[in-house]
Amino acid sequence: MKLVRLDSGYHLRRWVPLDIRKILAKNEIWHSLETNNSEIAKLRGCDIFSATSKFFIVVRNMTKSYIYHSASELISEMSSDNDKKILSKIIDTYELHVRELKSQYRLQEGEHYLERMADYQRLKTLTDAVEKSKPELEAVLEYSKNNKDFNAYKSFEQMKEQFAQISGWVKPPEKKENPSPLCCY
């Protein structure tokens, strides 16, 4: 497995085994990992590498049913339409599996961004509430400095109630117990 960094992000480069190159008509397979983060690319690369290895095994097992002496003889024996359809279905299944993995990666990224947006909204609510109460607090402090007979207790109780409401907004939501879509193949 080789991870290659291009301007568009990391890609997985995988050599096709010699015994099935002529059947697939490819020397190597490339897949975009759709990330610029090297750690995420390693994880995604392992998933797609595994799927590609399984694909090679299926193609190799399909070709073992033929008795042949060379790759050209195998290709000529596999010339029936049924064999070509089978090989085409195997390739389509592999490509569909890789697309499914990539869709799961995009879904995970989307969920991550939604969580960050919720965090941002909670932070924005908190900063707005603090900014709103800041002039009132400064006025209370200024007034209490100037007037020694001022009952600051009542004012502080009102602020305490406001901050109690704020703490409910700031509390992070409880995490859902959703299993990772990548754990169960």
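Values below: all heavy atoms of this structure, side chains included; hydrogens, waters and symmetry mates excluded.
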>> Just verifying a value: how many Å separate Lys22 NZ and Asn27 CG, rounded to the nearest 0.5 Å?
In response: 9.5 Å

>> Could you walk me through whether Leu24 and Ile91 satisfy the side chain to side chain contact (heavy atoms under 4.5 Å, CB included) test, starting with their C-alpha distance in whole Å, then the side-chain angles of each, then the deciding distance to 0.1 Å, before giving a yes or no?
In response: CA-CA 9 Å; Leu24 297 178; Ile91 293 170; 4.0 Å; yes

> So which pairs with a foot in residues 34-53 pass ring-ring contact (aromatic ring centres under 6.0 Å, His included), sequence neighbours left out?
Replying inline: none

> What residues, two or more places apart in sequence or in another chain, satisfy side chain to side chain contact (heavy atoms under 4.5 Å, CB included) together with Asn37?
Replying inline: Thr35, Glu39, Ile40

> How far apart are the C-alpha atoms of Lys102 and Arg44, what are their side-chain angles, what is the distance that settles it, and do they pass the side chain to side chain contact (heavy atoms under 4.5 Å, CB included) test?
Replying inline: CA-CA 9 Å; Lys102 290 180 180 183; Arg44 292 179 180 181; over 6 Å; no

> Yes or no on ring pair (Phe, Tyr, Trp, His ring centres under 6.0 Å) for His31 and Tyr94, after CA distance, side-chain angles and deciding distance?
Replying inline: CA-CA 12 Å; His31 288 289; Tyr94 163 71; 5.8 Å; yes

>> I need the Ser38 OG to Leu33 CG distance, nearest 0.5 Å.
In response: 11.5 Å

> Roughly how far apart are Lys124 NZ and Glu131 CD, rounded to 0.5 Å?
Replying inline: 9.5 Å

> Going through the distances and angles, do Glu111 and Leu107 end up as a side chain to side chain contact (heavy atoms under 4.5 Å, CB included)?
Replying inline: CA-CA 6 Å; Glu111 288 173 346; Leu107 177 66; 4.0 Å; yes

> Would you call Asp119-Arg122 a salt bridge at under 4.0 Å N-O?
Replying inline: yes

>> My understanding is that only residues two or more places apart in sequence, or in another chain, count here; which of them pass salt bridge (Lys or Arg N to Asp or Glu O under 4.0 Å) with Lys26?
In response: none

> Can you list the other members of the hydrophobic cluster that holds Val4, where links are side-chain heavy atoms under 4.5 angstrom apart?
Replying inline: Leu6, Trp30

>> Would you say that Ile86 contacts Met62 through its side chain, given a criterion of any heavy-atom pair below 4.5 Å between the two side chains?
In response: yes

> What residues, two or more places apart in sequence or in another chain, satisfy side chain to side chain contact (heavy atoms under 4.5 Å, CB included) together with Glu100?
Replying inline: His97, Gln104

> Of all residues at least two apart in sequence or in a different chain, which pass the ring pair (Phe, Tyr, Trp, His ring centres under 6.0 Å) check with Tyr10?
Replying inline: none

>> Does anything in residues 5-15 form a salt bridge (charged side-chain N to carboxylate O under 4.0 Å, His left out)? List the pairs, not counting sequence neighbours.
In response: Arg13-Glu28

> Who passes ring pair (Phe, Tyr, Trp, His ring centres under 6.0 Å) against His11, sequence neighbours left out?
Replying inline: none

> By salt bridge (Lys or Arg N to Asp or Glu O under 4.0 Å), which residues pair with Arg99, not counting sequence neighbours?
Replying inline: none

> Listed by chain and number, what are the side chain to side chain contact (heavy atoms under 4.5 Å, CB included) partners of Lys132, not counting sequence neighbours?
Replying inline: none

>> Please enumerate all residues that pass side chain to side chain contact (heavy atoms under 4.5 Å, CB included) together with Asp92, with sequence neighbours excluded.
In response: Ser88, Glu95

>> Clusters formed by hydrophobic residues whose side-chain heavy atoms approach within less than 4.5 Å: which one holds Trp15, and what are its other members?
In response: none

> What's the spacing between Glu136 CD and Ser133 OG if we round to 0.5 Å?
Replying inline: 6.5 Å

>> Let me confirm one number: the CD1-CZ distance from Ile29 to Phe56, rounded to the nearest 0.5 Å.
In response: 4.0 Å

>> Using 0.5 Å steps for rounding, measure from the CG atom of Leu101 to the CG atom of Leu96.
In response: 10.0 Å

